[in-house]
Amino acid sequence: MRVLVTGGAGFIGSAVVRTALAEGWDVRVLDAAAPPAEGGPVSGDAAYDGADYVRGDVANAEVLDAALPGIDVVCHLAAKVGLERGMGDAPSYTRANVLATAELLSALARHGVRGLVLASSMVVYGDGSYVHPESGRSVRPAPRKEADLAAGLFEPRDPDDGSMLLPALTSEDAPTDPRSVYALSKLAQEHLAAAWARASGGTAVALRYHNVYGPGMPRNTPYAGVAALFASAVRRGKAPQVFEDGRQRRSFVHVDDVAAATALASGNVAALTRSSTGSGSFRAFNVGGPGVQTILDVAQALTRRPGAPAPVVTGRYRAGDVRHITASSAAIAADLGWRPRVAFDEGMRDLASSL
């Protein structure tokens, strides 16, 4: 199989490239960064031996025309992923994520490429899923009130009776509610991919990565969030500062597991494009970790080493923060056979040893 990995020099992209090469695939990387031979971010990485490298912007049609000939499936990971500072950043996120994806899809149509795996994100959901503590019914929570937060009451409430809600796993049929320009751009990518699949008869899969972490992760990635911030603090000898009560729930998934899920989805898409089964189809899958952890669990795992200062639970809060969001990965397990293999404690030791 011949696969193009856009953003293949990035944190997740480089792991996908390593996995694809290990699977024996023909791999081409498209990234704006310098290639390894020129001292790029993956310089000296022997895992890139045998991969073609095209340097350029995914939003550039000429670059895409140089990168796509002979390709069976595209893994589209190139994106602007830092946390925006305000609406002034909207044009750059729209260009890097939405316009570039539109250019890519247009190029796929020109070159007859019928398979796409899109790196999406848990951020398309906004808040997570909740149930009523007595009835067990699903509830969309009311916005958290300042008075509750100031009193240390952090759980969202039922908008009808005010009951404190219980967190539940979020499945792919949960409503989407993007709360930032970045989140909106990821959801727009999904809609574009679905439109392309319908129009071209291609097959597209969006992988909604949850909290991806691992050695080499950048500090500004929205996927890892607090793991990146805590790791940065530990690296500087500082105590991680834990907001609220530290009991916020997340689904942390190791980058190697994410790469395995992406490779598995790519192989599945390639198979579907060779048959009529997946013609014009689009699916979204959660890619989450092996269990549910709290933010405090992460801080404690990263400071479980000699000389590391213990985390500090500050009680501070930001009114717009998501309290809980945890993935149900049942769909990708049932349909593609993927399950995370790296246990949370093992993965956090892996991350801590890289600091």
Side-chain angles (χ1 to χ4, degrees), residues 1 3 5 7 11-13 15-20 22-23 25 72-77 79 114-126 128-129 167-176 183 186-187 189-191 193-194 197 202-214 222-224 249-275 277-293 324-344 346-347:
M1 185 171 76
V3 61
V5 182
F11 168 51
I12 299 175
V16 171
V17 170
R18 288 192 293 270
T19 299
E23 294 281 342
W25 299 352
D72 297 312
V73 175
V74 173
C75 293
H76 182 35
L77 288 93
R114 298 180 59 242
L116 174 69
V117 176
L118 171 69
S120 188
S121 172
M122 66 174 190
V123 297
V124 302
Y125 295 117
S129 299
L169 297 179
T170 298
S171 59
E172 292 83 356
D173 59 0
T176 54
K186 298 307 288 184
L187 187 57
Q189 286 183 316
E190 289 194 16
H191 287 309
T203 301
V205 168
L207 299 179
R208 293 172 176 170
Y209 301 150
H210 279 244
N211 297 80
V212 187
Y213 72 96
Y223 298 120
R249 292 157 55 104
R250 296 292 187 270
S251 182
F252 288 89
V253 56
H254 195 277
V255 67
D256 289 347
D257 280 333
V258 169
T262 306
L264 188 62
S266 301
N268 182 264
V269 165
L272 288 174
T273 61
R274 290 190 285 269
S275 70
T277 307
S279 179
S281 67
F282 171 83
R283 285 289 306 276
F285 292 106
N286 287 331
V287 178
V292 172
Q293 287 78 36
H324 306 291
I325 180 164
T326 53
S328 167
S329 298
I332 193 171
D335 291 5
L336 301 185
W338 175 86
R339 290 175 176 81
R341 296 183 179 277
V342 181
F344 174 75
E346 175 190 350

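This chain uses plain numbering: 1 for the first residue, then up along the sequence. What's counted below: heavy atoms across the whole structure, side chains too, no hydrogens, waters or symmetry copies.
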Checking [X] now: which residues fulfil side chain to side chain contact (heavy atoms under 4.5 Å, CB included) with it, not counting sequence neighbours?
X    : answer
A260 : W338
L169 : V292, T326, S328
Q293 : F252, D297, F344
A259 : A15, V16, T19

Stepwise side-chain contact (heavy atoms from CB on, under 4.5 Å) check, V5 with W25: CA-CA 12 Å; V5 182; W25 299 352; over 6 Å; no

Do the non-hydrogen side-chain atoms of [X] and [Y] ever get within less than 4.5 Å of each other?
X    : Y    : value
L207 : I332 : yes
V3   : D72  : no
N286 : M122 : no
R250 : I325 : yes

Side chains of S129 and T170, donor plus acceptor under 3.5 Å: yes

Nearest heavy atoms of [X] and [Y], plus distance in Å:
X    : Y    : result
A284 : E172 : O-CG, 3.3 Å
H254 : G214 : NE2-CA, 4.3 Å
A119 : L77  : CB-CG, 3.8 Å
S251 : G291 : OG-O, 4.0 Å
P340 : G288 : CG-O, 3.8 Å
A193 : L118 : CB-CD2, 4.4 Å

Verdict with reasoning, V255 to F11, per side-chain contact (heavy atoms from CB on, under 4.5 Å): CA-CA 8 Å; V255 67; F11 168 51; 3.8 Å; yes

Residue of the set V74, T203, T273 for which side-chain contact (heavy atoms from CB on, under 4.5 Å) holds with L116: V74

Approximate separation, where rounding is to 0.5 Å, of N268 CG and L336 CG: 5.0 Å

Gap separating the OG atom of S120 from the CG atom of L187, nearest 0.5 angstrom: 7.5 Å

Pair Y209-K186, side-chain contact (heavy atoms from CB on, under 4.5 Å): steps then yes or no: CA-CA 11 Å; Y209 301 150; K186 298 307 288 184; over 6 Å; no

Listed once per pair and sorted, the salt bridge (charged side-chain N to carboxylate O under 4.0 Å, His left out) pairs that draw on residues 325-335, sequence neighbours left out: R283-D335

Audit row: E190, R208, side-chain contact (heavy atoms from CB on, under 4.5 Å) steps and yes/no: CA-CA 10 Å; E190 289 194 16; R208 293 172 176 170; 2.8 Å; yes

For H76, ring-ring contact (aromatic ring centres under 6.0 Å, His included) partners two or more places apart: none

